[in-house]
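All remarks here apply to the structure that follows.
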Amino acid sequence: MELHIRQALLKAAPELFGCEITENLIQFQQTRKDVEGDLTLVVFPFVKLLRCSPQAAGDKLKTWIEANVPGVSHCIVINGFLNIVLTDAYWLEQLSQMQAQPHYGFAQADSKPTVMVEYASPNTNKPLHLGHLRNIFLGAAVAEILQAVGHKVVRTQVINDRGIHICKSMLAWEKFSPVNARGERETPANTGLKGDKLVGKYYVEFDRALQIEAKEIMAQWQSGNFSDTPEAIQEAVLNFEQAKQDKDEKAQAAIDDKIKELAKNQTAILQEAKHMLVRWEARDPQVYLLWTTMNGWVYAGFDQTYAQMGVTFDKLYYESDTFLLGKDQVMEGLKDGVFYQKTDGSVWIDLTAEGLDEKLVLRSDGTAVYMTQDIGTAIDRFKDYPDLHGMVYTVGNEQDYHFKVLFLILQKLGYTWANNCFHLSYGMVDLPSGKMKSREGTVVDADDLMAEVIEKANAMTQERGHLEGLSEAERQALYTQIGIGGLKYYLLKVDPKKRMLFNPEESIDLTGNTGPFLQYAHARISTLLEKAAYQPSAIGATTALRPEEKEIIKQLSYFESALQEAAKGYSPALLANYTYELVKLYNTFYQSVKIVIEPDEAVRQLRLALSAEVRQTIAKALALLGIAAPARM
RNA sequence: GGUCUCGUAGUUCAACGGAUAGAAUAAGCGUUUCCUAAACGUUUGAUCCAGGUUCGAUUCCUGGCGAGACCA
């Protein structure tokens, strides 16, 4: 309808205004809830053009639209806004059209280019936590949304499977894992622990041992004993101690941290871990075997977690395969003058012209930094997928600068697809107690959290659900759908960009703007339609629409634009908000009219059709958010 | 020190530059002879500060204050 009016106005501009007008003059918006109207045209832009008052301009537009646009009942001019009221016939026609297209709002599959969406990207030294949940739910939902608007989507994750962190777990396992009667060290099989949890446990063990050793070294330093400590470090420690005098507390704490860092570096256990990394890089068979074994445990654990989350991937990238990539491209870029070399041999890029600074892309010893890898990996992916058009990286906003630089470098290297790369940056998840810190043990484990929300859903459903006739297995599945659905909705309803607060109490709420609220509406309509033995049929235009009915049809008709906006802004939150609005409207309607028991057959049929369409739309939207839509609860 | 992000009811979140800034939550009251009350109705409360651009600013610009991240 907007489109119609827009085009008609453009065409009629000369006779109406006496001149051509530009399209951006015509601004539509949704009509406020508390005034009459279905669509609003902003009059202000025309005021200057017509050199008259907003009221007069509005009246002129009103007269013209009422006379020339079919489907318009009448218009009201108020406060510089032209509120257009559409006919009931128009809205019923809209409903019929939705009814006729089960995929209403969705674009033709694969009608748009291929996009790769990366999310999750865990380290293999510890289990997934709350931060990963936001990342994964967000990435997975964006992938679904992009697919719904027609893109072909490749879901991927990069697994950070190498480096000092995994060596720490490996070393600690070798050193500290008890040996059982059969001469075996701890494994997931003989302990019953999930693989990622077991490996994570030894990562913590490592840190504990490290702390103890570092403390001893610091105690020695304190008493002036610097035996076995290299000169340079000894000097640094003394300098820091000196600097500590007459400074404020904050500076002293920072210095203490630095000294602690130096001490940690001196510990035998960290040296050992570093040595292990060197052996790994040299493909030492023993280390390599340990590495594949322990990573294997972690993957088995992750798979379980992903299954519970209901997310999948099409393609996995492992950092152990990609960490050497990028050096060739850097050397090439150096030849082409994109990069420059400092006297020590390190390679840099100068981005000061772009308002950024100089960035290292290759160390003086020729080893790669993260940027090097990311350059190489990106280029590699376009080789893996020749029809790839762009990429979405779901990574926390602490990497904003990194990705800005990465995309800029790729551009400068001449890859035009760099313009289609997007950093889906999201804010940190805070706890009521503050930031999650692994050292302070305040990290919320993903598995524990999911188990907790399912347990809560279980208890609440037992209390008030409608479970007659469901088998035990079906009930368990339902609790999972409700628990996980609620958790996903809780994390997705917030604008991704924003830092958010995770309140454990609220995350399992069932009332208000929550996942279960939407699921409940879906379930209620499902049983309603079942009771009515609803069969879709042509909608007759026999009666006048009630306001509640019209509001719902209106909201249903916004589904497509809500989806488009969500895709454009990479924001599942927009879709979540849309669905919440829809459900609220429907609940009001449901409360105020009879549906199945409505005696007037034409009205009954209309309300059932409306309900069916609402149910369909809730199901579609929830599916895009990765949330199940149970038929009863 | 430099760069970036964010500041909205007590709290958690909304609002393409548009009308009287919406919800949820917490608290009170009310609604089941009728389709699932995990629902609905109803009562209270907010744009960090100072300028600027605009017919119109929570939104854009400048400066401060506050929170966070990144880079040395």
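Letters A, B, ... mirror the listed sequences (proteins, then strands); counts begin at 1.
- Contact check, Asn503(A) against U12(B): no side-chain N or O comes under 4.0 Å of OP1 or OP2.
- For Glu66(A), the side chain to side chain donor-acceptor pair (under 3.5 Å) partners two or more places apart in sequence, or in a different chain, are Lys62(A).
- U44(B) and A37(B) have their P atoms separated by 28 Å, given to the nearest Å.
- Rounded to whole Å, the separation between the P atoms of A15(B) and G22(B) comes to 14 Å.
- Of the candidates G18(B), A38(B), U12(B), G18(B) carries the atom nearest the Phe44(A) side chain, counting heavy atoms from C-beta on.
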Let's go through Glu565(A) and Lys568(A) carefully: what are the C-alpha distance in whole Å and the side-chain angles of both, what is the deciding distance for salt bridge (Lys or Arg N to Asp or Glu O under 4.0 Å) to 0.1 Å, and is it a yes or a no? CA-CA 5 Å; Glu565(A) 288 297 312; Lys568(A) 215 169 78 186; 3.7 Å; yes
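- Close placement of the Phe46(A) and Phe17(A) rings is indicated, their centers lying within 6.0 Å of each other.
- Across all strands shown, Val405(A) has no heavy atoms under 4.0 Å from either base or sugar-phosphate atoms.
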Once each nucleotide of nucleotides 19-27 of chain B is scored for protein heavy atoms under 4.0 Å, what B/S/- sequence comes out, 5' to 3'? BS--SSS--
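- Positionally, the nearest nucleotide of RNA chain B for Phe517(A) lies more toward the 5' end than for the other of Phe517(A) and His402(A).
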Between the protein and nucleotides 1-10 of chain B, which nitrogen or oxygen pairs are less than 3.5 angstrom apart?
unit_1: G7(B); atom_1: OP1; unit_2: Lys498(A); atom_2: NZ; d: 3.2

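- Lys488(A) contributes no side-chain N or O that, together with a main-chain N or O of Phe137(A), makes up a donor-acceptor pair within less than 3.5 Å.
- The gap from the C1' atom of U54(B) to that of A24(B) amounts to 34 Å, rounded to the nearest Å.
- Partner Leu10(A) forms a side chain to side chain contact (heavy atoms under 4.5 Å, CB included) with one of Ile21(A), Leu25(A), Thr22(A) and no other, that one being Ile21(A).
- Across G51(B) and A38(B), the matching C1' atoms stand 50 Å from one another, rounded to whole Å.
- Side-chain polar atoms of Asp350(A) and Thr352(A) form a donor-acceptor pair below 3.5 angstrom.
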If pairs are Watson-Crick or G-U with both distances under 3.5 Å, what is the dot-bracket string of RNA chain B, marking crossing pairs with [ ] and pairs to another strand with |? (((((((..((((....[...)))).(((((.......)))))....(((((..]....)))))))))))).
Identify all side-chain donor-acceptor contacts of residues 476-486 of chain A below 3.5 Å with residues at least two apart in sequence or on another chain.
unit_1: Gln476(A); atom_1: NE2; unit_2: Glu472(A); atom_2: OE2; d: 3.0
unit_1: Tyr479(A); atom_1: OH; unit_2: Gln462(A); atom_2: NE2; d: 3.3
unit_1: Thr480(A); atom_1: OG1; unit_2: Gln476(A); atom_2: O; d: 3.1

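- Residues from residues 520-531 of chain A placing a heavy atom under 4.0 Å of any atom in RNA chain B, listed by number, are Tyr520(A), Ala523(A), Arg524(A), Thr527(A), Leu528(A), Lys531(A).
- For U53(B), the O4'-C1' to base torsion is more than 90° from 0; the nucleotide is therefore anti.
- When Glu601(A), Glu613(A), Glu598(A) are each tested for a salt bridge (charged side-chain N to carboxylate O under 4.0 Å, His left out) with Arg607(A), only one passes: Glu598(A).
- For Thr461(A), no side-chain nitrogen or oxygen approaches OP1 or OP2 of A38(B) to under 4.0 Å.
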I would like to know whether Glu468(A) and Arg632(A) meet salt bridge (Lys or Arg N to Asp or Glu O under 4.0 Å); could you show each step before the answer? CA-CA 10 Å; Glu468(A) 323 70 54; Arg632(A) 52 194 294 191; 3.5 Å; yes
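- To the nearest angstrom, C1' of U36(B) lies 13 Å from CD1 of Ile597(A).
- Checked by atom type, the side-chain pair Gln591(A)/Tyr586(A) shows no donor-acceptor distance below 3.5 Å.
- Taking the P atom of each, U43(B) and A23(B) are spaced 11 Å apart, rounded to whole Å.
- Side chain of Gln591(A), nearest nucleotide from C71(B), A38(B), C40(B): C40(B).
- Using C1' as the reference atom, A46(B) and U11(B) are 12 Å apart when rounded to the nearest Å.
- Comparing C4(B) with U53(B), their C1' atoms are spaced 24 Å from each other, to the whole Å.
- When the C1' atom is compared between U58(B) and G17(B), the two are found 11 Å apart, to the nearest whole Å.
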